[in-house]
**Q** 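Have a look at the structure that comes next, please.
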Amino acid sequence: MKAMVVRALGEGWVEENIRIADPLDSEVLVSVRASGLCGSDFMEMNHGVMHQPPVVLGHEIAGVVSKVGSSVTTLAVGDHVAGCLVQFCGKCARCLSGDVGLCRNPEDAVRGEGESPRLADVNGEPLGQGMALGGFAQQVLAHENMLVKIADEMPFPQAAVLGCSVITGTGAVLNAAKVERGEAVAIIGAGGVGLNVISGALLAGASQIIAIDLDDATLATAKRFGATQVVNSGASDPVEAVKNLTGGFGVRYAFDVVGIPATVRQGYDMLDRGGTLYQIGMGGNSFELESMPNIFGRKAIQGVFMGSGVPKRDIAVLVDLYLDGRLNLDELISEEIALRDLNEGYTRLKDPQVNRVVITDFA
């Protein structure tokens with residue numbers, strides 16, 4: 001099959017013909033129909049935080065099941081599926097409590113050591129499989145726990161983004177924060193994930209949804225997604241602006257989608273007494289605050305990973321919301337490209353008016 005392979009850190013993707021194994025045990029082979037471009041894969045290509053070259057990256061995928069392993073029980077050939085990078089065993093105490101994102105045995109959802117390479121180049125040399133998916137390719141071989149059956153009428157491009165940016169943003173609001181109806185929320189960073197935080201706040205019934213960003217075009221998009229007020233943090237102090245918009249109190253829920261020390265500080269400082277900053281972004285290595293937090297105000301910071309939810313449950317719900325016209329995914333996808341144009345696709349993502357780019361041509 002064709003795939004885009006990272007051969008050296010920082011040097012982009014190279015199109016190659018590679019080999020993919022037949023599914024064993026709980027593995028499922030998927031013919032990929034759409035694959036989203038996420039910033040995490042761009043970071044991996046440049047820095048190799050979790051995956052060293054040679055590797056096939058890509059983790060936002062949707063497609064059709066073409067083969068299943070002998071132990072697969074939840075999927076069948078012909079099923080339409082969306083993928084999610086959350087790996088879970090389904091058996092440990094965390095999984096049984098419903099918190100699969102904190103699974104104690106995530107390695108149980110990948111092939112064990114000693115098995116034949118699941119991906120290899122034409123010379124038989126093993127290739128890494130980013131996030132245990134490797135979605136920048138014509139096919140994906142994944143554990144059934146990482147795939148969710150979706151309705152046949154769900155468009156593949158919109159389905160692909162559900163498993164990362166959408167579940168991360170909406171889940172932060174609905175699962176992690178459990179935002180109450182009528183509350184005020186602030187979102188720092190209104191890009192692809194931030195727009196989904198806005199969508200989640202809209203679904204939760206927040207009365208004020210304040211979007212904060214440096215780009216006016218991005219903020220205009222945020223308003224179309226449901227932001228009630230916007231703040232350009234390059235033109236004014238976002239903490240002061242949020243407090244002015246909330247009667248001087250601040251918000252009970254703030255979401256930082258950027259993840260650098262400056263935005264962590266801003267998010268914390270714009271909280272009302274008893275408020276929590278939900279940390280989604282991971283743009284920096286340090287989250288140290290410059291001064292002692294105001295512990296007497298009972299303010300807190302909580303990390304959020306993949307929307308703190310259950311992908312097999314949440315993705316199915318998100319599909320229903322989209323098909324009912326209650327979740328804006330169409331405008332979320334700005335461009336569709338060919339697999340061979342992956343490098344150019346990431347260049348396009350630097351444009352603040354481009355929300356998400358999805359591969360739909362795999363020829």
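Residues: numbered from 1 along the sequence shown.
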**Q** Would you say Val32 and Ile337 are hydrophobically clustered, going by side-chain heavy atoms of ILVMFWY under 4.5 Å?
**A** yes
**Q** Donor-acceptor pair, Asn343 side chain versus Gly12 backbone, under 3.5 Å?
**A** no
**Q** Indicate yes or no: at least one non-hydrogen side-chain atom of Arg118 is less than 4.5 angstrom from one of Leu24.
**A** yes
**Q** Val72, Val81: one ILVMFWY side-chain cluster at the under-4.5 Å cut-off?
**A** yes
**Q** Take Asp256 and Tyr268, measure what side-chain hydrogen bond (donor to acceptor under 3.5 Å, both in side chains) needs, and give me the verdict at the end.
**A** CA-CA 9 Å; Asp256 177 17; Tyr268 189 86; over 6 Å; no
**Q** Minimum heavy-atom separation for Val179 and Ala206, please, with both atom names.
**A** CG1-CB, 4.4 Å
**Q** Can you find a pair of side-chain heavy atoms, one from Met270 and one from Ile188, that are under 4.5 Å apart?
**A** yes
**Q** For the residue pair Glu336 and Asp361, establish whether any side-chain heavy-atom pair is separated by less than 4.5 Å.
**A** no
**Q** Any side-chain heavy atom of Arg7 sitting closer than 4.5 Å to one from Pro53?
**A** no
**Q** Treating Ile, Leu, Val, Met, Phe, Trp and Tyr as nodes and any side-chain heavy-atom pair under 4.5 angstrom as an edge, say whether Phe225 and Leu214 lie in one connected cluster.
**A** no
**Q** Working to the nearest 0.5 angstrom, can you tell me the gap between Glu27 CD and Asp22 CG?
**A** 9.5 Å
**Q** Out of curiosity, Leu37 CG to Ser35 OG, how far, rounded to the nearest 0.5 Å?
**A** 7.0 Å
**Q** Answer yes or no: is there a donor N or O on one side and an acceptor on the other, between the side chain of Thr170 and the main chain of Gly200, under 3.5 Å?
**A** no
**Q** Decide yes or no for Leu245 and Val242: does some side-chain heavy atom of the first lie under 4.5 Å from some side-chain heavy atom of the second?
**A** no
**Q** Between Ala21 and Pro117, which heavy-atom pair has the shortest distance, and what is it?
**A** CB-O, 3.9 Å
**Q** Hydrophobic clustering (ILVMFWY, side-chain heavy atoms < 4.5 Å, transitive) - are Tyr278 and Leu203 grouped together?
**A** yes
**Q** Do any N or O atoms from the side chain of Arg19 and from the backbone of Val122 form a donor-acceptor pair under 3.5 angstrom?
**A** yes
**Q** Report the relative orientation of the aromatic rings in Phe136 and Tyr346; use parallel for angles under 30°, tilted for 30 to 60°, perpendicular for over 60°.
**A** perpendicular
**Q** Measuring from atom CD of Glu335 to atom CD of Gln353, what distance do you get when rounded to the nearest 0.5 angstrom?
**A** 11.0 Å
**Q** Would Arg348 and Asp341 pass as an ion pair if we require N to O under 4.0 Å?
**A** no
**Q** Does the His59 side chain pair with the main chain of Asp41, one donor and one acceptor, at a distance under 3.5 Å?
**A** no
**Q** To check you understand the geometry: which heavy-atom pair defines the closest contact between Leu332 and Ser165, and what is its length?
**A** CD2-OG, 4.5 Å
**Q** Return yes if some donor-acceptor pair links the side-chain N/O of Asp79 with the main-chain N/O of Lys149 below 3.5 Å, else return no.
**A** no
**Q** Check step by step if side-chain contact (heavy atoms from CB on, under 4.5 Å) holds for Glu15 and Leu339.
**A** CA-CA 8 Å; Glu15 183 178 351; Leu339 179 65; 5.8 Å; no
**Q** Okay, side chain of Asp25, backbone of Ser71: is any donor-acceptor separation there less than 3.5 Å?
**A** no
**Q** Would you say the side chain of Val68 lies within less than 4.5 Å of the side chain of Pro23, judging by non-hydrogen atoms?
**A** no
**Q** Kindly determine whether Thr73 and Glu144 satisfy side-chain contact (heavy atoms from CB on, under 4.5 Å), including the steps that lead there.
**A** CA-CA 8 Å; Thr73 60; Glu144 66 176 319; 4.0 Å; yes
**Q** So do Leu119 and Met1 actually touch side chain to side chain, heavy atoms under 4.5 Å?
**A** yes
**Q** With a 4.5 Å heavy-atom cut-off, do His80 and Glu153 have their side chains touching?
**A** no
**Q** Quick one: does any side-chain atom of Ser236 pair with a main-chain N or O of Ser233 as donor and acceptor, under 3.5 Å?
**A** no
**Q** Quick one: does any side-chain atom of Gln138 pair with a main-chain N or O of Lys2 as donor and acceptor, under 3.5 Å?
**A** yes
**Q** Could you tell me the separation between the OG1 atom of Thr263 and the CD atom of Gln279, rounded to the nearest 0.5 Å?
**A** 6.0 Å
**Q** Run the side-chain contact (heavy atoms from CB on, under 4.5 Å) test on Val64 and Arg33 for me, step by step, so that the C-alpha distance in whole Å, both residues' side-chain angles and the decisive distance to 0.1 Å come before the verdict.
**A** CA-CA 7 Å; Val64 180; Arg33 301 293 179 84; 3.8 Å; yes
**Q** Measuring from Asn46:CG to Leu9:CG, what's the distance to the nearest 0.5 Å?
**A** 8.0 Å
**Q** Between the main-chain N or O of Gln208 and the side-chain N or O of Thr228, is there a donor-acceptor pair closer than 3.5 Å?
**A** no
**Q** Can you give me the closest heavy-atom contact between Gly90 and Asn145, atom names plus distance?
**A** N-ND2, 4.5 Å
**Q** How long is the gap from OG on Ser40 to CE on Met45, to the nearest 0.5 Å?
**A** 13.0 Å
**Q** Ignoring hydrogens, what is the shortest heavy-atom contact between Ala159 and Ile150? Give both atom names and the distance.
**A** CB-CD1, 3.6 Å
**Q** Tell me if a side-chain donor or acceptor on Asp121 pairs with a main-chain N or O of Asn123 at a distance below 3.5 Å.
**A** yes
**Q** Hey, quick one: are Val100 and Phe305 part of the same hydrophobic cluster, counting side-chain heavy atoms closer than 4.5 Å, chains of contacts allowed?
**A** yes
**Q** Establish, from distance only, whether the side-chain atoms of Thr221 and Arg224 form a donor-acceptor pair under 3.5 Å.
**A** yes
**Q** What are the two closest heavy atoms between Leu133 and Ala142, and how far apart are they?
**A** CD2-CB, 3.7 Å
**Q** Check the pair Leu127 / Val5 against side-chain contact (heavy atoms from CB on, under 4.5 Å), numbers first and verdict last.
**A** CA-CA 8 Å; Leu127 297 171; Val5 181; 4.3 Å; yes
